[in-house]
2 protein chains.
Amino acid sequence: MRASERAYTALREDIIEWRLLPGTVLAEVEQSERLGVSRTPLREALGRLTAEGLTTAGGRGVVVTDISLEDIDELFELREILEGKAAALAAVRGDPSIFTRLQHELLRAPELLSGEDPARHDYYALVNQLDDALDAAITNSYLAQAMRSLRVHLVRVRRLASDDVARLCAAAAEHAAIAEAIAAGNSRLAEAATTVHLHRSLSHIKATHREENHG
Amino acid sequence: MRASERAYTALREDIIEWRLLPGTVLAEVEQSERLGVSRTPLREALGRLTAEGLTTAGGRGVVVTDISLEDIDELFELREILEGKAAALAAVRGDPSIFTRLQHELLRAPELLSGEDPARHDYYALVNQLDDALDAAITNSYLAQAMRSLRVHLVRVRRLASDDVARLCAAAAEHAAIAEAIAAGNSRLAEAATTVHLHRSLSHIKATHREENHG
DNA sequence: ATGGAAGACAGTGTATACAGAGAAGGTGAT
DNA sequence: ATCACCTTCTCTGTATACACTGTCTTCCAT
């Protein structure tokens, strides 16, 4: 694996997992020594992170981007636009059998969550399958690219919320509803189901965020 | 100005103006010598171009991205999603007086086009003002960023179409209609006017593109 | 004549050295 | 004591040298 790739992956993980907090300055010599790569591949990694919006190159050095509550609102506003339309397009263009299968698997998600995996690996893999199926069904690389770039920030926000089993079960049911609507070819229902899901996710995130601030 | 910035700007111009055609391989040594910069800043420029989608880093070297007719359809599909919603949001959140002023200036656009500027500089500056006003009005940096990244590709496509005065006058009238709807606070009308405008633009581009292929 | 292997070459990926700019701290003068 | 200026240091931006990988060509053997 290339050194720049390693540096990029490591820094991205550190930012998403909130080990590198917003406002942290990523000095080139410091980070290159920490990650065991030279400055050149590190600069490439920082460039990619800045292009994704995880860092900003304003003035002196590269700084980890902050995510405020207003940012989360804006993030979900765009998410609703993109994913709502994507679900509608998938309902028209997608292969129903794929989404029917995903719907049934999502309805069995509570079984996955009762397992002892603290990282909920199987659960998130299943949700990623739905995302991938959406990307493939819409047959629009620009839209898919826009959604991919948003998901990076979303994962970062998600780490702020408490992933309790109750919410994840509810989210799986909402995902199943989206898959069902797509499989049925009902674009308006698919878009509506996506809107509902995103609003519930946002409410959950905000609620847990408020709790943390008051705790 | 930094060398990497110069290289980025020059390459970007060359790609947008179709001086570097799709499929061209941008070898590092070759381009660094041509642009008079070292390989290091050139690599940074290529990285930014690749992040924007103007080039791809697949396998051997960096290659200028191709734009097919299907790509244009996908591009405008996403554009309609983003700009339609942006117009609707601007109608709710924007300052009406700004868009009223832009509406009136756009209605006088035919005067600008009757001038002898072959680059239509004043005209495009006015259209850019509308884009900037939209960006500011929506108060959503993620949506604004998504639209900005699309506009790069749009400018590239626009260079394919013949910018005849008739079409530009019609486009100005359509822009004025969008501004009017935003100023009136009518979000549904603003979105509809945007949809109409984009469909007409797309039809025009496709028509001229067909002509060129048959000519 | 054809296939395979080896060497040369081209081109990227990485490291390091050097230069310039900006900030911080200290010192002198008022 | 405070302010201004100068020095110095640290950091980024750039250039260049080196290494490695993949490919193409050529030569030898069958």
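Below, read A as the first sequence line, B as the second, and so on, with proteins coming before strands; counting in each chain starts at 1. Small disclaimer: the values here were computed from a predicted structure and weren't measured.
- Taking a 4.0 Å limit (strictly below) on heavy-atom distances, residues 29-37 of chain B reaches DNA chain D at B/V37.
- Computed from coordinates, the B/R43 CZ to C/dA15 P distance equals 12 Å when rounded to whole Å.
- A 4.5 Å side-chain heavy-atom check between A/M147 and A/D135 finds at least one atom pair inside the cut-off.
- Summarising the geometry, the separation between CD on A/E5 and C1' on C/dG13 is reported as 13 Å, rounded to the nearest angstrom.
- Not one N or O on the side chain of A/S4 forms a donor-acceptor pair closer than 3.5 Å with the backbone of A/P41.
- A salt bridge links A/R34 with A/D14; the closest basic N to acidic carboxylate O contact falls under 4.0 Å.
- Considering only the side chain of B/R2, D/dG13 comes nearest among D/dG13, D/dA17, D/dA15.
- Among the nucleotides D/dT12, D/dA15, C/dT14, the one closest to the side chain of A/R39 is D/dT12.
- The side chain of A/A3 lies closest to C/dT14, out of D/dG13, C/dT14, D/dT14.
- DNA chain C is contacted by both B/V62 and A/S38; B/V62 maps to the nucleotide lying nearer its 5′ end (nearest heavy atom per residue).
- In this structure, the CD atom of B/E28 is 15 Å from the P atom of D/dT16, given to the nearest Å.
- Between B/L42 atom CG and C/dG11 atom P there is a gap of 14 Å when expressed in whole angstrom units.
- Straight-line distance from the CD atom of A/E44 to the C1' atom of D/dT12: 17 Å, rounded to whole Å.
- The backbone N or O of A/A88 sits nowhere less than 3.5 Å from a side-chain atom of A/E191 that would complete a donor-acceptor pair.
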* To do: Check the pair A/Y8, A/R12 against side-chain hydrogen bond (donor to acceptor under 3.5 Å, both in side chains), reporting the backbone distance first and the verdict last.
  => CA-CA 6 Å; A/Y8 167 75; A/R12 186 183 142 134; 3.0 Å; yes

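- Contact annotation: the side chain of A/L49 never approaches that of A/V62 to less than 4.5 Å [non-hydrogen atoms, C-beta and beyond].
- Following rounding to the nearest Å, B/M1 (CE) and D/dT14 (C1') show an atom-to-atom distance of 16 Å.
- The phosphate of D/dT16 has neither OP1 nor OP2 within less than 4.0 Å of any side-chain N or O from B/T40.
- Salt-bridge annotation for B/R101 and B/E105: present, with a side-chain N of the basic residue lying under 4.0 Å from a carboxylate O of the acidic one.
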